[in-house]
Each structure stands twice: as structure tokens, then as C-alpha cells.
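A short write-up of the structure that comes next.
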Number of protein chains: 2
Amino acid sequence: MSENPTPRRQRAAPRRDQLVASALALFVREGFHGVGIDRILAEAGVAKMTLYKHFRSKDELIVAALMRRDSDYRNWLMREVDRQTDKPNEALVAYVDAVRLWCRNPDFNGCTFINAAAEFRTPDHPVHRAAAEHKQAVFAFVENLAKDAGLVNPKRIAMQVRLLVDGATVMKQTTGSEEGFLVARDSVVKLIAAARK
Amino acid sequence: MSENPTPRRQRAAPRRDQLVASALALFVREGFHGVGIDRILAEAGVAKMTLYKHFRSKDELIVAALMRRDSDYRNWLMREVDRQTDKPNEALVAYVDAVRLWCRNPDFNGCTFINAAAEFRTPDHPVHRAAAEHKQAVFAFVENLAKDAGLVNPKRIAMQVRLLVDGATVMKQTTGSEEGFLVARDSVVKLIAAARK
DNA sequence: AATTTGATATACCGATCTGTATACTATAAC
DNA sequence: GTTATAGTATACAGATCGGTATATCAAATT
């Protein structure tokens, strides 16, 4: 009769989720130093003490927000690449197109993790580390795409693609132009053609 | 007998220069929001009122610091590329090596302009605009290198090189690895080989 | 010598920042 | 019904923020 078969340990924490979601949205739009906790609390409709019951500091909330962003982004990316093509040798190009699509989002403000590393520059700062881990995870994803395509030296191809895409992302943010993605895309096409086994 | 032939208008303003220099050094190390004007004043040994006689706001000081950074960086870059090679078809590779060298500086904390655009995200903000103008100027420099090398479609080559280098810079800042620059360098070598007339 | 100029020191303003303390409330478990 | 639990509201602490006001001072101009 019990509606929940797993007896203890609810693990819902809806307030925490609300806090992370509101914080993330604000951080993405206006930066980490640019948003105070009071704004976050107002947006989330949560009391201040609740925040400090779930997180020991604002930095901890930032890290949690970045972890959610990482998860959201990589999940979206995988689905989008899958959606675009099921041919392994087209997946890398689909990846570039997917990122371009992502950056077309109206409230795009540059790669959130590049921004995080820019605002928290010390390499051992938890926020900086979270950004580094995200970059590493995305690289691993792209490397797998290159492996699945059966290309020679997939790690090298993956890095080239990552450099081009991060460069295009930076260009889009600073100058507003999408041209970098088009150039990156063509470069990747040629890269793949040259790396066919 | 007059030691200065141009009579009026001395234009020295040493305090202003000191302020800009100290501000820039601190901004590079700890970010724009991360450094308050009091720290800058203490570092420069200048009174607060002097700052506000030369600049209307902190943002104006930031823009001035970025303009100096732009000038310092581009001058250094031109000299370094010249120093490395006098053969036009090697200059683009020398450019990549030069940026790698620049990023080896012990107090490197990512591209100052990418960081500026990350902290001031609104495209019409003066600081963001200064960052965009710097990127544009660097692109023009690289494009000229490509033209001097007599490559086909120099604009396109220049953009590919710029994407790779910005990507490598981001990688170096986030993960600390210099590998991006090595991959970028090799990619540029192959790019040039394929674009020989 | 008188005056303008550029810079100084110091105090202060209101706002905002992260984080804490305290007391109250609703819900759910035992 | 009693008691934890989770959250709320409010106030406040201590610091720092960007920026201003005022009064003084030294040097250079006239």
C-alpha cells in the first residue's frame, strides 16, 4: 500500500534545486561576482537561512550551479548530436553545429565555464577546478566521437576540434559574430577527410 | 634655448600613467571585480581624488588599462614575430609560438580581454567593446601576416589561426596544459602547406 | 608677491556584500 | 500529543564597495 517502495531517504530537497536553478540562470546572465545572494534568494523565493543550510558559502553554491550546468549542457549536446546524425563519421561536424546552435540561445553570454575560470583565476579554487573538469569532460566526449569515426589519432583530432570550437565560442561572445563557427565547421570537415583510415 | 620646441601642452600626467600601470597589473592578476580602487590607489601610491580627476569612474580606468594592455601586447607581438623570423611564410607559425611564449609568463591568467568580456558581458558596455576592438585588431594583424605570406584566402587562414590560438589560450588557462599550443602550431603548419599558391 | 594648478590626506556617504543570530511556524513522524 | 525537522522572517554584523566633500599644501605660472 505504501506509495513509495524505498522506505527512508526521500532526497527531494526541492528548495535546494530551486536555489541552484535560480542561481545558475542569474550567473549565466550576469556573472558570478555580478549577482549577490540576495538577488538569488528573491528570484528563488527562498529564505536566506535555507541557503546556508544547504551550502556553506556562496562559492559552494556556484560550484553546485556549475555542476548542474555541466550536466545540462553535456546531456543536451549528446542528444543533439544524436538527433543530427547517426553516422559516426558525421558526428564531429554535428558537434560543431550543435555548439553553434547552443550559442544562438538569446541569453548566451559566452561559455559559462570559460567565464567561471575568468572570474576565479587561481587554479586550485574550487570554482576554477569545476570549470577545468567540465572542459576535460567535453574533451573526452569529443574524443569518443573521433574514436567512433575510426579516425587516425583520434585524440589529436579531438583536440583540434575543441580548440576551433572554443575559439569560435570566444569570438561569438566578444565580437558577436558567428563566422568562427562556420570556419571551424569547414576546418573540421577537411580535418576528417585527411584523417580517414 | 627652450628645451621643448612644442611650446604648450606638456601631456606628461605621470600620476595617470602610474594609476593605469598599477590597475592593469592588479586586474590581470585578480580580475576587474576582484580588485577595488582602494587597492589600486595603495599600489600606485596615489590619492583617491587624483583618480577621479583623471577618470570619471572605475569603468573608465578599466578601459584605459585595457587600452594599455592592447598596446603593450600588440607591440610585443609584432617585435617577437619579427625576432623569430624574417621569412613571411614562417610568420604565422612564429605568431603561434609567440602567443605560447606570452602565456608562459608566470602571472598569466588567461587572455585579459577574454576575461574582460567575461566580466562585462553586455555587448555595449565600454569594457566589453574595448575587448572586442582588441580582438579585431589582433585579427587584422594575423590577416596581414597571411597576406604577406601570399596565401590563398588569407582572411580565412587568419581566422582559422585565430580560432586555434584563442582555443589554446583558453585551454592553457582552464586546464593549465600547453598542449593546445603544440597542436595549434602543427595545424597551422599544415594549413599553410595546403594554402600555398 | 599673488594666484592658479595639481595633488594630498582624511573623513564621510549610502549602498551592497557575505554571513550569522534569533525567534516563529508549519508539517510530519513517533 | 509531543517532538523533530525544514523553512520563514527579520534584524543585524562587519566589511567593502564606488564615489564625494573639504581643507591643506607645494610648486609653478604670471
Side-chain angles (χ1 to χ4, degrees), chain A residues 1-24 26-27 29-65 116 119-120 122 125-127, chain B residues 1-4 6-24 26-27 29-66 116 119-120 122 125-127:
Chain A
M1 270 302 174
S2 75
E3 42 229 330
N4 196 349
T6 55
R8 292 285 170 272
R9 207 160 252 296
Q10 63 265 27
R11 260 280 173 215
R15 313 278 155 166
R16 198 193 123 105
D17 286 358
Q18 185 64 42
L19 276 171
V20 172
S22 300
L24 177 55
L26 286 170
F27 288 150
R29 254 186 284 155
E30 305 183 35
F32 303 95
H33 288 106
V35 177
I37 51 172
D38 292 337
R39 295 260 317 277
I40 298 169
L41 294 172
E43 190 80 11
V46 164
K48 188 180 271 194
M49 284 311 295
T50 307
L51 192 162
Y52 285 99
K53 235 163 231 163
H54 285 290
F55 306 95
R56 264 179 298 184
S57 65
K58 183 193 182 185
D59 281 2
E60 233 178 65
L61 173 60
I62 293 177
V63 170
E119 290 200 47
F120 301 87
T122 335
H125 191 290
V127 173
Chain B
M1 270 306 171
S2 75
E3 45 230 329
N4 197 348
T6 54
R8 292 283 170 273
R9 211 161 249 297
Q10 61 264 25
R11 263 276 176 214
R15 312 278 156 167
R16 198 194 123 105
D17 286 358
Q18 185 64 42
L19 276 171
V20 172
S22 299
L24 177 55
L26 287 169
F27 288 151
R29 254 187 285 154
E30 306 183 34
F32 302 95
H33 288 106
V35 176
I37 51 171
D38 292 337
R39 295 260 316 277
I40 298 169
L41 295 172
E43 189 81 12
V46 164
K48 189 180 269 195
M49 282 313 295
T50 307
L51 192 162
Y52 284 100
K53 235 161 233 162
H54 286 289
F55 306 96
R56 265 179 296 184
S57 66
K58 183 192 181 185
D59 281 2
E60 235 179 61
L61 174 60
I62 294 176
V63 171
L66 285 181
E119 290 199 48
F120 301 87
T122 334
H125 191 291
V127 173

- Message: I need the CG-C1' distance between B:Leu61 and D:dC17, as an integer number of Å.
- Response: 15 Å

- Measuring from B:Leu19:CG to B:Lys53:NZ, what's the distance to the nearest 0.5 Å? 12.5 Å

- Task: Starting from P on C:dA11, measure out to CG on B:Leu41 and report it in whole angstrom.
- Result: 16 Å

- Message: Nearest whole Å is fine: how far is C:dG19 P from A:Ile37 CD1?
- Response: 6 Å

- Message: Rounded to whole Å, how long is the line connecting atom CZ of A:Phe32 with atom P of C:dC17?
- Response: 16 Å

- Item | From B:Ile62 atom CD1 to B:Leu24 atom CG, the distance as rounded to the nearest 0.5 Å | 11.0 Å

- Task: Any pair with a residue in residues 30-39 of chain A that passes salt bridge (Lys or Arg N to Asp or Glu O under 4.0 Å), sequence neighbours left out, goes on the list, sorted by first then second residue, please.
- Result: A:Glu30-A:Arg39, A:Asp38-A:Lys48

- Query: Which class fits the ring pair B:Phe120 and B:His33: parallel under 30°, tilted 30 to 60°, perpendicular over 60°?
  - Reply: parallel

- Note on the structure: From CZ of A:Arg39 across to C1' of C:dT16 the rounded distance in Å is 12 Å

- A:Glu119 side chain vs A:Phe32 backbone, donor-acceptor pair below 3.5 Å: yes

- Rounded to whole Å, NE2 of A:His33 lies from C1' of C:dT16 at a distance of 14 Å

- Message: Exactly one of B:Arg15, B:Arg16, B:Gln18 should register a side chain to side chain contact (heavy atoms under 4.5 Å, CB included) with B:Thr50. Which one does?
- Response: B:Arg15

- Item | Close approaches to DNA chain D from residues 43-58 of chain A, in residue order (heavy atom, under 4.0 Å) | A:Gly45, A:Val46, A:Ala47, A:Met49, A:Thr50, A:Lys53, A:His54

- Query: Between atom CD in B:Glu60 and atom P in D:dG19, what is the gap in whole Å?
  - Reply: 10 Å

- Query: Within this structure, what is the CD-to-P distance between B:Glu30 and D:dT16, rounded to whole angstrom?
  - Reply: 14 Å

